[in-house]
Amino acid sequence: MRTLLTIVGVAIAIAVLYSLLSFNAGYERQLSGEMNSLGVSLLAVPKGCPYEAASLVMHGGVIPKYLNESNLQTIRSTTGVEIATPMLLQQFTDNGTSHVVYGIESAEMQKIKPWWKVQGRFFTDDEKKVMVIGAGLAEQMNARVGDSMPVGQAKEQFIIVGILERTGGQDDQSHFLPIDEAQRIFKKEGKINTIAVLVKDPKEVASVSDEIEKIPDTQVVTMSQISGTIMNLVGSARTLLFSLIAVAIVISAFGIMNTLLMSVHERTREFGMMKAIGASGVDIGIMVMIETIIVTTAGGILGVYGSFVGAGMIEKFVRSNIPYAPVGSLITADPVLIGECLLFSVVLGLICGLYPAFRSSRLSPMEAIRSEFE
């Protein structure tokens with residue numbers, strides 16, 4: 001029973017270790033993916049809180065402030081700008097489900113996101129009552145090319161002319177409309193939430209940003225700034241999470257050592273008899289070490305498996321303790337990380353088994369037999 005509890009203790013420590021390390025790797029991977037999925041060098045947003053605005057753009061939120069088309073023309077004429085394309089982000093509710101709408105200029109957006117592939121076709125900017133939707137939304141709504149879907153609070157019917165192939169980001173759950181149509185249906189004529197800017201030379205991002213920020217009521221945020229700010233925000237939460245790992249490992253190590261010492265004490269006569277029939281102290285020490293490694297490895301395997309079973313619950317807990325989390329699953333199966341955690345469980349067994357193995361190897365046959373009768 002004591003051995004079983006030790007295995008469970010190791011399993012809990014390894015489950016926490018794997019889950020948090022996997023979450024950390026997945027967080028950085030997904031965050032980088034979200035940055036890259038925008039396909040731009042920087043975002044021009046209404047003056048206020050640029051990082052919140054950028055977060056809303058990435059996750060499909062509605063920015064409560066607006067730029068106008070004169071801002072767009074000024075940015076397009078800025079030296080060093082290759083592409084500047086406007087976006088209007090809005091939301092509407094249909095049957096209790098929230099839908100995200102991006103009003104875009106199709107041709108310009110395809111230049112920024114050349115990896116976009118669509119089943120059907122993209123719309124042209126002058127078309128009416130047409131849209132492209134993400135693959136995730138199409139599956140959710142059981143929609144196909146040629147079907148119509150309601151958009152906006154007026155439930156105006158729009159024809160689906162294309163379904164965007166999966167990108168792994170917010171695009172999969174979004175509606176894409178010609179920007180003029182989005183402005184019309186949401187009564188935002190002449191207004192845009194953000195302007196996505198692609199700079200000709202990445203080395204000129206800073207100078208272009210400075211020029212754009214000279215435009216009244218306009219603020220600029222670069223992708224590297226967003227990423228750096230978010231990573232700084234989650235730094236303290238990450239420290240807390242890794243503290244949990246350390247506590248779990250220390251508790252597990254004490255549990256392993258306690259179990260081994262009790263086992264050595266209970267098996268004193270057995271070890272003495274083994275020495276009496278010719279076993280050396282080294283033989284007994286190796287046997288204790290092997291048993292320890294078996295216990296910790298079993299705990300490691302159980303812990304990795306447990307982290308997969310409880311991944312959803314663990315991810316939900318961790319997400320609730322950090323200020324920003326990218327979309328998508330952050331805890332995934334990583335063969336390298338699995339191997340590292342199992343190796344750690346073996347190393348943990350070796351470290352915790354050293355003193356019990358040394359103590360058992362030092363027992364003399366006479367002391368062992370005498371202790372049995374005391």
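- More than 12 heavy-atom neighbours from other residues, nucleotides or ligands sit within 6.0 angstrom of CG on Leu337.
- In this structure, the separation between CD on Glu105 and CG on Leu88 is 12.0 Å, given to the nearest 0.5 Å.
- With a 6.0 Å radius and a threshold of 12 heavy atoms from other residues, nucleotides or ligands, Lys203 has its NZ atom at or below the threshold.
- In this structure, CD1 in Ile338 is found 11.0 Å from CD1 in Ile301, a value given to the nearest 0.5 Å.
- At a cut-off of 3.5 Å, with distance as the only test, a side-chain donor of Gln157 or Ser148 sits close to an acceptor on the other residue.
- Residues Asn95 and Thr97 bring no donor and acceptor atom of their side chains to less than 3.5 Å of each other.
- Closest non-hydrogen pair, Arg166 versus Ala135, comes out as CG-CB, 3.6 Å.
- One finds the CE atom of Met141 at 8.0 Å from the CD1 atom of Ile133 (value rounded to the nearest 0.5 Å).
- Phe308 pairs by the ring-ring contact (aromatic ring centres under 6.0 Å, His included) definition with Tyr18, not counting sequence neighbours.
- For the atom pair CD of Gln91 and CZ of Phe186, the computed distance is 9.0 Å after rounding to the nearest 0.5 Å.
- In plain terms, the two heavy atoms of Thr194 and Leu67 that are nearest each other are CA-CD1, 4.5 Å.
- With hydrogens and angles disregarded, no donor-acceptor distance shorter than 3.5 Å links the side chain of Asp171 to the backbone of Ser174.
- Across all their heavy atoms, Ile75 and Ala44 have their closest contact at CD1-CB, 3.7 Å.
- Classified by interplanar angle (parallel below 30°, tilted 30° to 60°, perpendicular above 60°), the ring pair Phe176/Trp116 is perpendicular.
- More than 12 heavy atoms of other residues, nucleotides or ligands sit less than 6.0 Å from atom CZ of Arg121.
- The CD1 atom of Ile83 lies 5.5 Å from the NZ atom of Lys111; values are rounded to the nearest 0.5 Å.
- In this structure Thr74 satisfies the side-chain contact (heavy atoms from CB on, under 4.5 Å) test together with Ile215, sequence neighbours excluded.
- The backbone N or O of Ile212 lies less than 3.5 Å from no partner atom in the side chain of Thr78, so there is not a single donor-acceptor pair.
- Taking Ile, Leu, Val, Met, Phe, Trp and Tyr as members and joining any whose side-chain heavy atoms lie under 4.5 Å apart, directly or through other members, the hydrophobic cluster of Val250 also contains Phe254.
- Sparse packing is recorded around CG of Asn142, with 12 or fewer heavy atoms of other residues, nucleotides or ligands lying under 6.0 Å away.
- Around CG of Asp125, the count of heavy atoms belonging to other residues, nucleotides or ligands within 6.0 Å exceeds 12.
- Asp172 and Thr167 form a side-chain donor-acceptor contact under 3.5 Å, judged by distance and modelled atom types alone.
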Start with the C-alpha gap between Lys129 and Glu156, add the side-chain angles, then the distance that decides, and say whether salt bridge (charged side-chain N to carboxylate O under 4.0 Å, His left out) holds.
CA-CA 8 Å; Lys129 297 187 178 182; Glu156 190 170 331; 3.6 Å; yes
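- Ion pairing of Arg76 with Glu82 is absent here, as no side-chain N (NZ or NE/NH1/NH2) approaches a carboxylate O to less than 4.0 Å.
- Side-chain polar atoms of Glu211 and Ser207 form no donor-acceptor pair below 3.5 angstrom.
- Side-chain atoms of Thr218 come within 3.5 Å of backbone atoms of Pro216 as a donor-acceptor pair (strictly under, hydrogens ignored).
- Without hydrogens or angle criteria, Asp147 side chain to Ile159 main chain gives no donor-acceptor distance under 3.5 Å.
- Glu181 contributes no side-chain N or O that, together with a main-chain N or O of Pro178, makes up a donor-acceptor pair within less than 3.5 Å.
- A 6.0 Å sphere centred on CZ of Phe92 holds more than 12 heavy atoms belonging to other residues, nucleotides or ligands.
- Annotation for Val304 and Cys341: closest pair CG2-CB, 4.4 Å, computed over non-hydrogen atoms.
- Closest non-hydrogen pair, Asp126 versus Thr124, comes out as OD1-OG1, 2.8 Å.
- If you take OG1 on Thr93 and CD on Gln153, they are separated by 6.0 Å, rounding to the nearest 0.5 Å.
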